[in-house]
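Report on the following structure.
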Amino acid sequence: GQNIDQPTEMTATEGAIVQINCTYQTSGFNGLFWYQQHAGEAPTFLSYNVLDGLEEKGRFSSFLSRSKGYSYLLLKELQMKDSASYLCANNQGGKLIFGQGTELSVKP
Amino acid sequence: ETGVTQSPTHLIKTRGQQVTLRCSSQSGHNTVSWYQQALGQGPQFIFQYYREEENGRGNFPPRFSGLQFPNYSSELNVNALELDDSALYLCASSFRTGTGVGNIQYFGAGTRLSVL
């Protein structure tokens with residue numbers, strides 16, 4: 001199968017750090033994408049990991065372990081505007097297989 | 001703004017009707033992918049078009065069909081609409097090189113289709 005698993009919901013406090021985990025099927029893997037989607041809007045690209053390790057981009061970082069079929073998105077210094085759905089997607093030969101998304105609520 | 005535009009933004013149809021959704025890709029992009037997103041779910045891959053030909057298809061019946069035009073814009077057609085077709089339809093464009101893997105897909109805002 002091509003299952004992608006990520007938590008359905010998470011809550012965090014403004015200014016804190018949150019880690020959103022994602023596990024995926026490793027067969028046919030070509031990379032792991034993270035997208036952010038605000039309600040009623042298009043998914044916007046956050047990161048793409050092909051090799052193992054951590055990639056940092058400002059307040060957002062993404063990690064990949066290919067042997068474990070595992071990735072996480074780390075959000076630091078949370079802001080209210082970070083409240084959104086975060087989508088993990090497995091790149092299967094150019095076709096993106098998405099998880100159901102993690103709805104993150106940032107509270108004051 | 002991703003430069004990917006979709007029309008219309010909202011559409012209401014009745015069961016059994018046909019619908020055509022349109023997508024203009026970002027300038028310089030040659031590949032268009034279509035996704036269906038039900039409420040509270042992640043997008044599901046419908047199909048992808050590259051150089052005016054279908055290049056991969058997800059688990060959708062033949063009544064979902066598409067086209068890509070020489071300017072790389074694309075259409076998604078759905079025949080014999082069913083109630084379960086109610087969803088947000090997203091178009092994503094990318095620039096394909098070589099095998100096409102690893103190309104970042106940029107999404108439009110989508111068309112919200114309601115089937116009554």
Side-chain angles (χ1 to χ4, degrees), chain A residues 1-10 20-25 27-51 55 57 62 64 66 71 73 84-105, chain B residues 1-7 9-10 23-26 29-51 53-60 87-112:
Chain A
Q2 299 174 332
N3 289 340
I4 300 261
D5 290 315
Q6 51 181 132
T8 307
E9 294 178 338
M10 297 184 73
I20 303 174
N21 297 324
C22 171
T23 57
Y24 63 88
Q25 192 78 21
S27 62
F29 176 74
N30 295 120
L32 199 290
F33 284 93
W34 283 96
Y35 283 84
Q36 179 194 60
Q37 187 177 27
H38 285 99
E41 297 183 12
T44 54
F45 170 75
L46 291 177
S47 66
Y48 178 52
N49 292 67
V50 179
L51 302 177
E55 293 206 5
K57 233 189 240 185
S62 55
L64 179 68
R66 288 173 295 171
S71 173
L73 181 69
S85 180
Y86 291 85
L87 301 163
C88 167
N90 185 350
N91 182 2
Q92 294 269 324
K95 171 175 83 171
L96 298 186
I97 307 301
F98 283 90
Q100 67 179 20
T102 298
E103 193 67 39
L104 174 66
S105 298
Chain B
E1 290 294 329
T2 62
V4 181
T5 58
Q6 293 187 243
S7 62
T9 53
H10 294 85
C23 172
S24 293
S25 56
Q26 187 180 115
H29 285 184
N30 57 14
T31 302
V32 172
S33 304
W34 285 92
Y35 294 83
Q36 180 195 67
Q37 187 175 24
L39 206 58
Q41 301 296 317
Q44 283 195 62
F45 176 76
I46 303 174
F47 42 55
Q48 183 180 87
Y49 278 83
Y50 170 63
R51 290 186 176 177
E53 292 192 359
E54 189 178 288
N55 178 50
R57 189 180 182 93
N59 189 26
F60 280 82
L88 180 67
Y89 288 85
L90 294 164
C91 162
S93 78
S94 56
F95 180 69
R96 174 175 168 159
T97 57
T99 60
V101 299
N103 304 317
I104 298 170
Q105 296 186 18
Y106 295 92
F107 285 82
T111 295
R112 173 74 61 188

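Convention: sequence-line order gives letters A, B, ...; per-chain numbering from 1. We use all heavy atoms of the structure for the numbers below, so side chains are in, but hydrogens, waters and symmetry mates are not. Worth saying up front: this structure is predicted, and the values here are computed from it rather than measured.
In this structure a side-chain-to-backbone donor-acceptor pair under 3.5 Å is present from A:Q6 to A:Y86.
Both the backbone and the side chain of B:Q41 come within less than 4.5 Å of a heavy atom in chain A. Heavy-atom distances place the side chain of B:Y35, and not its backbone, under 4.5 Å from chain A. Of the two parts of A:L87, only the side chain, counted from C-beta on, holds a non-hydrogen atom closer than 4.5 Å to a non-hydrogen atom of chain B. Only the side chain of B:Q37 comes within contact range of chain A, with at least one heavy atom under 4.5 Å from a heavy atom of that chain. Only the side chain of A:Q37 has a heavy atom closer than 4.5 Å to any heavy atom of chain B.
Ring geometry for A:F33 versus A:Y48: interplanar angle under 30°, hence parallel rather than tilted (30 to 60°).
Ring centroids of B:F45 and B:F47 are separated by 6.0 Å or more, keeping the two rings apart.
Counted by atom type alone, A:N3 and A:Q25 present zero donor-acceptor pairs between their side chains at under 3.5 Å. For the 3.5 Å distance criterion, the side chains of A:T8 and A:Q100 qualify, holding a donor opposite an acceptor.
Ranked by heavy-atom pairs under 4.5 Å with chain A, the first of B:A109, B:P43, B:G110, B:G58 is B:P43.
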